[in-house]
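Report on the structure given below.
Protein chains get the first letters and strands the later ones, always in sequence-line order, with residue 1 at the start of each.
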Amino acid sequence: MSYKLLDVLCLEIVAPFGEIVKTVCKDLLVYGPSTIQQIINRTKLNKYETKIAVYTMINHQFVTTILIFEKQNQRSVVKYKVFRNSIVLRLRYPKFIWYVKKAFDSPIERQIVEYLLSVGRETKKNIISEQLTKLENSDKKTKKQVKKAFEKLLNKGFLKKTKMNGYNNEIITEEIISKKNQIVKYIEIEKEKERNRKTKSKKPKIPREISKRVGFIEIQINQDLRKTVTNSKNSNDILQLLQNNKRKKDNENEKDKKKKKKKKKEEEMQSRKRTFQSTEKNGQTNNKKKIYFSIKEIEYDKDDIEKVYQIDLRNMIRFRRNHRIVKFITKKISLQAGEATKIILELVDAALTFHRKRIKKEKKPLNTENLDPEDRPEFAKRFRFLISRTLIFQKIKEALKIEDNSKITKLIDTLSDERIKMLRDPELETILSKRKNSKKLQQSQILKNRSKTVLFDLETIINRMTQEIISEVVNNKLGNYAFRIFNLLCESKMLDERNIGELTMIGEKESKIVLYQLFNEKFVSLQSIPKTKDHASTKSFHLWKVNLEEQKKKMLFHSYKTIYNLFLRRNYELKQAEDLKSKVLQETLSEYDQTRLNDLGGKKFLLEHFLFKIDSDIELLRDFSLEY
Amino acid sequence: MDFSNNILKAMTEEFTTIEALTKVMKTDKNKLLGSLNQLLKTGRIRLFQRKDGQKVFQKVSGQSARKMQGLSNQEAFIYRVIKESGSMGILQRDISQKTGLKKTITRKILTRLKKRKLVKTEKSIKFKNQLVYLLFEIEPSVEVTGDVFYIDQEWNTEFVELLTDSVLIIIKDLGTANVAQILEELEKRKLVQQNLTSNDLMRVIDSLIYMRIVRRVYSFTKEDVFQIDESPSLSSNMLKVPCGICPKFSDCKIKGSINPISCPYLEQFLDF
């Protein structure tokens with residue numbers, strides 16, 4: 001078991017993005033966080049290609065930036081780091097879409113989420129325009145509906161705002177770029193456009209979006225000059241002109257020139273829009289025409305640049321996890337208990353958001369530890385909150401509309417069973433543990449000793465659900481006796497062979513055989529305590545136990561490997577399909593090949609179906625929300 | 001004899017000293033010592049020494065004195081060691097370890113004690129292929145012989161299976177039931193001949209809970225109640241794929257002889 005398997009799986013998932021993205025991702029997985037130049041040196045790719053690859057991965061939340069301060073050079077450096085868990089999360093996207101479909105009545109929300117999951121991040125305008133094209137209606141009503149759906153998703157936490165990377169789908173731009181280079185690129189792009197154009201009547205147009213994205217510069221160029229600019233070969237001459245802001249003079253007198261200068265200045269002050277003027281005399285035409293340059297600073301809206309939206313994966317994982325817990329409790333206990341758990345989980349989520357906002361307000365200094373969520377195990381362990389009993393009581397009463405207070409107390413007590421232990425009363429537990437006799441308490445004693453707050457423990461439920469999954473695997477592999485022993489050892493700590501045989505009603509002889517079978521399969525661990533100095537096996541105690549966390553890791557890697565095997569098989573089947581399709585074109589198909597072609601579609605569907613299903617086990621075995 | 005009987009009557013406490021006896025009997029020490037020696041020979045009293053160095057006498061009953069009559073010091077010592085173990089019993093190797101005697105000597109002594117019916121042997125659950133020594137009068141404890149579920153110190157699987165099936169049937173018929181209710185039904189239907197306690201029955205029910213067939217309904221005030229668990233358990237999707245159950249999963253590699261492309265289990269799985 002190693003992380004190499006995970007890396008190989010991540011590359012398979014990232015393959016549809018292209019080979020460049022795959023090479024960059026492989027480099028980051030192997031060598032860890034690194035700068036762009038380091039990636040270029042290793043992969044020997046073009047600078048812009050690497051940036052495109054990195055920005056696409058950032059858009060899809062596979063990669064984040066890290067600020068590191070190098071003491072040797074005494075400067076801060078930006079590095080990029082890959083999250084393996086977020087790449088594997090891609091298998092869960094259809095379940096997120098299914099959850100959104102059930103949460104909302106209209107299909108517009110589902111379509112928005114689908115679009116954003118495929119693209120990564122996008123502005124509000126583009127999202128709305130895409131939905132209108134899909135619906136084939138651009139009426140005001142449909143626009144309102146789409147906007148309402150968008151706001152619903154924002155308010156409930158499915159979407160979140162982020163910043164732009166400096167990456168545009170149309171044109172490449174760098175974060176720190178000089179004015180010269182900017183203009184040169186603009187010119188080069190327009191050259192290519194004119195070469196591709198067939199008709200000369202079409203006039204070249206300056207795309208307005210560039211000015212907005214750039215924000216600082218606006219160029220006003222004469223229409224006639226554009227021809228000279230496009231026809232010229234050397235761009236350095238143009239740069240010299242732009243730097244110096246020179247103007248070509250006419251052969252007219254100086255007096256007339258001054259008058260015309262004033263007029264032009266007045267016209268410029270009045271119209272701040274881009275104009276394409278051609279200076280012509282009345283009835284006279286000159287070969288040398290005027291060229292007018294000006295460089296201005298234009299105000300750009302910060303909001304237009306930063307209004308980009310993205311799916312909040314942390315919240316989606318949390319919604320999905322709560323859904324599964326509620327489903328588990330409804331099956332085990334009742335519908336009302338499931339609805340009560342919903343209410344409690346909402347309270348817990350509110351407490352979580354408050355806790356995270358408080359961490360942000362503290363404004364800790366920039367360190368890799370604070371920015372790297374995978375290396376923060378302390379937050380995961382602190383997933384226990386105290387909730388007031390009266391608050392739960394009131395909320396359940398309002399939601400479920402129960403008048404009898406005794407029923408509500410029963411509901412809350414069912415959730416604090418020994419089997420589930422979602423809600424715990426530590427004061428009562430201490431009293432019960434101290435009591436030697438196993439007699440039951442009177443109700444008056446319970447009311448006295450019951451505390452006002454209740455401790456919410458989510459790890460126990462998740463451990464209970466994982467225990468059921470793993471015990472089913474044990475039952476299928478090794479039988480009913482192993483199933484009993486595994487369940488016993490999960491609930492109790494360390495036991496002897498004889499005790500195990502008596503408690504499971506199997507007998508000592510058969511329990512030994514089953515225990516050693518479990519030991520071979522690594523479901524169970526052994527600890528021997530010697531009685532004598534010789535450490536003889538016959539004269540020592542053999543104690544057996546189950547470590548749930550190790551079993552989780554084992555199941556996780558088992559599931560990762562099965563997914564990888566299914567990926568390989570799917571790629572093999574796709575290759576066979578391509579070969580058969582080439583035969584169809586060549587008209588050399590046989591009946592056997594035709595049957596194979598018909599079956600390959602079903603095989604591909606089966607493999608992809610189970611790829612997404614196995615992810616439901618990974619959902620419980622590794623709760624990603626605790627690591628974000 | 002009368003004087004010695006008077007001494008025995010005066011020894012009211014468990015352990016008495018010479019000084020206390022002289023006070024009670026109001027005689028000389030030398031007279032007492034002589035009679036005490038006779039009583040020691042007959043075995044009516046025993047002599048101990050405390051940590052202080054003070055010597056103390058213990059009274060012994062007439063029956064036990066008659067038993068111990070004719071025994072040597074080693075035999076008496078071993079008898080006492082077996083008596084201290086009580087109903088749990090003690091192994092031969094432990095006897096030789098405690099007494100410091102050799103194994104051959106202990107073996108001979110134990111055979112002699114067996115013949116005189118002072119000591120008996122029993123099989124134990126803990127120590128396989130070894131016998132445990134007990135006093136003849138004492139009955140062995142449950143830890144030696146086993147519970148109701150053992151016959152001849154071996155697990156009675158047939159009885160256990162019968163019991164579990166009968167408990168299941170009772171819970172199905174009643175719907176929800178206590179431990180006491182289940183016991184009553186077992187007696188009524190005469191399904192079991194042995195006398196079961198509530199602890200024995202709880203062990204059977206716990207085994208059914210571990211099998212996820214029966215469910216426990218908890219309560220702080222009343223007794224716990226048991227039902228049949230009809231709720232479905234979470235199943236892992238790994239079992240639906242052949243890789244989840246494959247015995248050669250650890251040997252499966254891309255460039256190996258066992259690989260997912262040429263796997264027969266996957267081919268069978270995909271041929272639907």
Using heavy-atom distances under 4.5 Å, tell me whether [X] contacts chain B through its side chain, its backbone, both, or neither.
X: A:Asn480; answer: side chain
X: A:Gln467; answer: side chain
X: A:Lys613; answer: both
X: A:Tyr564; answer: side chain
X: A:Arg498; answer: side chain
X: A:Ile506; answer: backbone
X: A:Glu521; answer: neither

Check this for me: [X], atom [atom1], are more than 12 non-hydrogen atoms of other residues, nucleotides or ligands nearer than 6.0 Å?
X: A:Lys531; atom1: NZ; result: yes
X: B:Glu158; atom1: CD; result: no
X: B:Lys120; atom1: NZ; result: yes
X: A:Lys477; atom1: NZ; result: yes
X: B:Ile258; atom1: CD1; result: yes
X: A:Lys604; atom1: NZ; result: no
X: B:Gln97; atom1: CD; result: no

Nearest-0.5 Å distance that lies between atom [atom1] in [X] and atom [atom2] in [Y]:
X: B:Leu266; Y: A:Leu566; atom1: CG; atom2: CG; result: 6.5 Å
X: B:Phe269; Y: A:Leu607; atom1: CZ; atom2: CG; result: 7.0 Å
X: B:Ile261; Y: A:Asn571; atom1: CD1; atom2: CG; result: 8.5 Å
X: B:Cys252; Y: A:Leu568; atom1: SG; atom2: CG; result: 9.0 Å
X: A:Leu488; Y: B:Ile209; atom1: CG; atom2: CD1; result: 11.0 Å
X: A:Tyr572; Y: B:Asn259; atom1: OH; atom2: CG; result: 9.5 Å

Turns out that what part of B:Thr164 lies under 4.5 Å from chain A's heavy atoms comes down to neither
Quick one: what part of B:Tyr150 sits under 4.5 Å from any heavy atom of chain A, side chain, backbone, both or neither?
-> side chain
Max heavy-atom pairs within cutoff under 4.5 Å with chain B, candidates A:Glu472, A:Lys509, A:Met555, A:Glu573, goes to A:Glu472
Look at A:Glu491, A:Glu508, A:His558, A:Glu510 and state which one has the largest set of heavy-atom pairs under 4.5 Å with chain B.
-> A:His558
Where A:Arg484 and B:Ser207 come nearest, the two heavy atoms and their spacing =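 Between these two residues, the closest heavy atoms are CD-O, 4.1 Å.
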I would like to know whether B:Tyr210 and A:Met505 meet side chain to side chain contact (heavy atoms under 4.5 Å, CB included); could you show each step before the answer?
-> CA-CA 11 Å; B:Tyr210 294 133; A:Met505 308 303 283; over 6 Å; no
Pair A:Phe483-B:Arg212, side chain to side chain contact (heavy atoms under 4.5 Å, CB included): steps then yes or no = CA-CA 10 Å; A:Phe483 182 64; B:Arg212 300 269 192 269; 3.8 Å; yes
Flag the pair A:Lys603 / B:Glu267 as yes when at least one side-chain heavy-atom distance between them is below 4.5 Å, and no otherwise.
->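 Counting from C-beta outward, A:Lys603 and B:Glu267 never come under 4.5 Å.
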Flag, side chain of B:Arg203 to backbone of A:Leu503, donor-acceptor distance under 3.5 Å |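 Side chain of B:Arg203 to backbone of A:Leu503: no pair is present.
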Sidechain-backbone polar pair: A:Asp599 side chain, B:Asp271 backbone, donor-acceptor under 3.5 Å =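 No: the side chain of A:Asp599 does not pair with the backbone of B:Asp271.
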Listed by residue number, which members of residues 238-247 of chain B have a heavy atom under 4.5 Å from any heavy atom of chain A?
->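 At a heavy-atom separation under 4.5 Å, chain A is reached by B:Met238, B:Leu239, B:Lys240, B:Val241, B:Cys243, B:Gly244, B:Ile245.
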